[in-house]
Colleague: 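Submitted below is the structure of interest, expressed as structure tokens.
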Amino acid sequence: MSGEPQRTLLLWCPDWPVLAAEIVDGVPATDPVVVLHANRVIACSERARAEGIRRGLRRREAQGRCPHLTVVDHDPGRDVRAFEPVVAAVEEVVAGVEVIRPGACATAARGPSRYLGGEEAAAERIVEHVAQSCAVESQAGIADGVFAAGLAAREGRIVTPGGTREFLAARPVEALGRPALADLLRRLGVRTLGEFAALPAGDVLARFGFDGALAHRLAGGRDDRPLAVRQPPADLTVTADYDEPVDRVDAAAFAARMLAERLHERLAGYGLACTRLGIEAVTAHGQELHRVWRHDGLLTAAAIADRVRWQLDGWLSGSNGRGGTRPARPTAGIVRLRLVPDGVLAQAGLQPGLWGETGEERERAHRALSRVQGILGPEAVVTAVLGGGRSPADQVRLVPWGDERAPARPGPPPLPPAGAAPGAASAPVVVPAGGGAGRRAGRGRAVAEPPWPGRIPPPSPAVVLPTPLPADVRDAAGEPVVVSARLAVSAAPARLTVGDGRPVEITGWAGPWPVDERWWAPAEARRRARFQVSLADGAALLLAVEGGMWLVEAIYD
């Protein structure tokens, strides 16, 4: 904390919580407005001050002084969101800005004053630019250190170099922004910052502690730390505009290659690599197209180009609107193409698997499935992810190809395929969306599985029916089999009839496994019991009885 304080320019926006409420919520700042926190006024508009309202007043007292007062609750998030455009406007004029708090930001004064023609010219330029860009009134102050510059900004003053100590000396101790310390100092007879700065530093530390020692440094014109400027995020997006609309696939492929190389070079310049790519296009008729591609590794220049080419091919080769299953083709060619690296990370290279690179067949399958997604959309190809649950339908979650394969409910970890290295993840099972009467449910042993009361024992069924089939179960005498509320089966199941089919003899059965779910929510409550049955024709089924009705939920191999 040693050394001379840095010459600092600070921009201050008066009554910022009130202005933020006007910008975000539309509350007129020209009316009597107060912002409350913990039932006390923390900010008020100019008209409210004219009515005698000051910071620190209680809500009832403030409303008593001004009956037509508009009260707004304090929202720190609103203040930050509204102040971001102001900081961006300052960064358009100067580099290296630190946000002190919503409504105040600071920057080193040396650079702007040198290329803008002096400190006064720099302050006027920044205030004018913020007013023109954001329609926000502000004041600027320049002094040695952030604390002194903040006090100077409230007066719109530029303190001469070396005169900061004299500028602070006459200020009251309340300017430190520490009410408890200021009250104690006044009771001890210390009323100004100059009197406080004259006290020995060791005595101040012993009497007031570390926070008091920091305040003592500020009173003497010495900041406790240098500016911590923020670094604006790098613009990694690449855009290409075309005079002639691109409406042919070969021309789109050439455009994709050129733009992908530009994006890869820009990312490489920052030591980054792309894992999720956003592709945006605008047609000559103003139609906007957007698609996001994900990848489980780092996208190379060739991989980026392939995905852009596939996506453009899918857009430009769309259906003509006469019964085609693909999205409609744009009515005009593409005049603007934009690549947005939606997910980036440090480029450290991809580490190969423990037993070598991924197989060539898997890579070819990945390219084919990604191209299908480019033509038909990301939901056209989905993969099955095993998780926890009581029913087979709950245990399988279908996610688009390339998305994060996280289970919807906690369950056993995936088992490696036969012959794979220990710890290797199993390959996903590809399920065409809407492409069959059922869906395949993976099998495997539970390794570290949380308890799911009412879950059927293994093995898991092979096919889970998207819509259960109605069934009829009868005993040897031809009477319907009934399960009571206490899970008592009226008789042993003997014959099963599925839909309008013929009755089939039941050669074996197991159960019931009861499930009483969401009993605390009557609208969502569900109570049923499951049975496993084997039939004389060699089939094995998973049955459920609910509300006196039998249903076929799944089929075993």
Side-chain angles (χ1 to χ4, degrees), residues 1-16 40-44 49 54-57 98-101 103-110 112-113 118-120 122-124 126-127 138-229:
M1 297 191 300
S2 60
E4 294 297 325
Q6 186 179 19
R7 193 75 173 157
T8 305
L9 186 154
L10 188 139
L11 184 79
W12 173 62
C13 301
D15 308 326
W16 181 252
R40 288 188 179 273
V41 177
I42 62 171
C44 56
R49 283 192 294 270
R54 297 293 183 269
R55 294 181 59 184
L57 288 181
E98 177 185 357
V99 178
I100 307 300
R101 62 182 179 278
C105 60
T107 183
R110 179 184 179 186
S113 63
E119 293 180 344
E120 183 176 357
E124 291 178 354
I126 293 175
V127 171
S138 59
Q139 297 179 190
I142 300 178
D144 298 335
V146 177
F147 174 68
L151 297 179
R154 295 179 179 270
E155 304 175 4
R157 178 175 174 180
I158 299 178
V159 181
T160 57
T164 298
R165 189 180 182 90
E166 291 74 18
F167 168 73
L168 296 175
R171 306 287 162 179
V173 290
E174 287 77 10
L176 291 170
R178 293 167 167 83
L181 178 62
D183 180 68
L184 179 57
L185 290 175
R186 281 199 170 273
R187 288 191 279 114
L188 294 175
V190 179
R191 294 177 173 81
T192 64
L193 296 183
E195 295 174 352
F196 185 40
L199 298 177
D203 295 343
V204 171
L205 177 62
R207 178 62 179 82
F208 303 107
F210 184 70
D211 186 67
L214 292 179
H216 183 258
R217 290 183 57 86
L218 297 179
R222 296 169 295 167
D223 273 2
D224 58 335
R225 61 172 179 82
L227 281 174
V229 300

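Quick caveat, the model's predicted, so the values are computed rather than measured. Heavy-atom basis, side chains included; hydrogens, waters and symmetry copies ignored. Position 1 is the first residue of the sequence; numbering continues from there.
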Colleague: Leu193 and Leu168: which non-hydrogen atoms are nearest, and at how many Å?
Modeller: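 Here Leu193 and Leu168 meet closest at CB-O, 3.2 Å.
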Colleague: Testing the basics here: between Ala109 and Thr8, what is the closest heavy-atom pair and its distance to 0.1 Å?
Modeller: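 Taking Ala109 first and Thr8 second, the nearest heavy atoms are CB-C, 4.0 Å.
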Colleague: Using every non-hydrogen atom in the two residues, find where Cys13 and Ser138 come nearest and quote the distance to one decimal.
Modeller: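 For Cys13 and Ser138, the tightest heavy-atom pair comes out as SG-CB, 3.9 Å.
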Colleague: Look up atom CG in Leu151 and atom CG in Leu218, then write down how far apart they are to the nearest 0.5 Å.
Modeller: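 Between Leu151 CG and Leu218 CG, I get 9.5 Å after rounding to 0.5 Å.
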Colleague: First locate atom CZ of Phe208, then atom CG of Leu214, and finally report the distance between them rounded to the nearest 0.5 Å.
Modeller: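 Here the interatomic distance stands at 13.5 Å.
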Colleague: Counting neighbours of CD on Glu120 that are heavy atoms of other residues, nucleotides or ligands and sit closer than 6.0 Å, is the number greater than 12?
Modeller: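 No, because the 6.0 Å sphere around CD of Glu120 holds 12 heavy atoms or fewer from other groups.
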Colleague: Over all heavy atoms of both residues, which pair between Pro5 and Gly221 is shortest? Give the atoms and the distance, please.
Modeller: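 Closest approach of Pro5 to Gly221, heavy atoms only: CG-O, 3.3 Å.
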Colleague: Just to verify, what does Phe196 make a ring pair (Phe, Tyr, Trp, His ring centres under 6.0 Å) with, not counting sequence neighbours?
Modeller: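 Residues passing ring pair (Phe, Tyr, Trp, His ring centres under 6.0 Å) with Phe196: His216.
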Colleague: Hey, what do you get for CD1 (Ile158) to CZ (Arg7), rounding to the nearest 0.5 Å?
Modeller: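 CZ of Arg7 is found 8.0 Å from CD1 of Ile158.
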Colleague: Which heavy atom in Ala143 sits nearest to a heavy atom in Ala149, and how many Å separate them?
Modeller: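 Heavy-atom minimum between the residues: CB-N, 3.7 Å.
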Colleague: Is it true that a side-chain atom of Arg157 and a backbone atom of Ala152 form a donor plus acceptor pair closer than 3.5 Å?
Modeller: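 Checking the backbone N and O of Ala152 against the side chain of Arg157, no donor-acceptor pair under 3.5 Å is found.
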Colleague: Ignoring hydrogens and geometry, is there a side-chain-to-backbone donor-acceptor pair from Arg55 to Ile42 under 3.5 Å?
Modeller: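 A pair under 3.5 Å: yes.
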Colleague: Is any side-chain heavy atom of Phe167 less than 4.5 Å from a side-chain heavy atom of Asp144?
Modeller: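 No, side chains not in contact.
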Colleague: Might you point out which heavy atoms bring Ala140 and Ala123 nearest each other, and give the distance in Å?
Modeller: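 Nearest pair, atom of Ala140 first, then Ala123: CB-CB, 3.9 Å.
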Colleague: Would you call Arg207 and Leu184 a side-chain contact if the rule is heavy atoms closer than 4.5 Å?
Modeller: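 Result yes, sub-4.5 Å side-chain heavy-atom pair found.
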Colleague: Supply the atom-to-atom distance Leu10 CG to Gln139 CD, rounded to the nearest 0.5 angstrom.
Modeller: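 Reported value, rounded in 0.5 Å steps: 11.0 Å.
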Colleague: Do the side chains of Arg171 and Glu166 get close enough for a salt bridge, i.e. N-O under 4.0 angstrom?
Modeller: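 No.
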Colleague: Quick one: does Val173's side chain get under 4.5 Å of Arg191's, heavy atoms only?
Modeller: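 They are not in contact (no side-chain heavy atoms under 4.5 Å apart), so the answer is no.
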Colleague: Distance check, rounded to the nearest 0.5 Å: Arg110 atom CZ versus Ile142 atom CD1?
Modeller: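 Arg110 atom CZ to Ile142 atom CD1 measures 14.5 Å (nearest 0.5 Å).
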Colleague: Show, in sequence, the C-alpha distance, side-chain angles and deciding distance for Val127 and Leu11, and conclude whether the side chain to side chain contact (heavy atoms under 4.5 Å, CB included) test is met.
Modeller: CA-CA 8 Å; Val127 171; Leu11 184 79; 3.9 Å; yes
Colleague: Run the side chain to side chain contact (heavy atoms under 4.5 Å, CB included) test on Glu119 and Leu9 for me, step by step, so that the C-alpha distance in whole Å, both residues' side-chain angles and the decisive distance to 0.1 Å come before the verdict.
Modeller: CA-CA 8 Å; Glu119 293 180 344; Leu9 186 154; over 6 Å; no
Colleague: Kindly check if the number of other-residue, nucleotide or ligand heavy atoms within 6.0 Å of CZ (Arg186) is above 12?
Modeller: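 Counting other residues, nucleotides and ligands, CZ of Arg186 exceeds 12 neighbours.
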Colleague: How far apart are the C-alpha atoms of Val146 and Ile100, what are their side-chain angles, what is the distance that settles it, and do they pass the side chain to side chain contact (heavy atoms under 4.5 Å, CB included) test?
Modeller: CA-CA 9 Å; Val146 177; Ile100 307 300; 3.7 Å; yes
Colleague: Got more than 12 heavy atoms from elsewhere within 6.0 Å of CZ, Arg49?
Modeller: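 Yes, CZ of Arg49 has more than 12 neighbouring heavy atoms, counting only those of other groups under 6.0 Å.
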Colleague: Going from CZ on Arg54 to SG on Cys44, what distance comes out if it is rounded to the nearest 0.5 angstrom?
Modeller: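 Result: 7.0 Å between the selected atoms.
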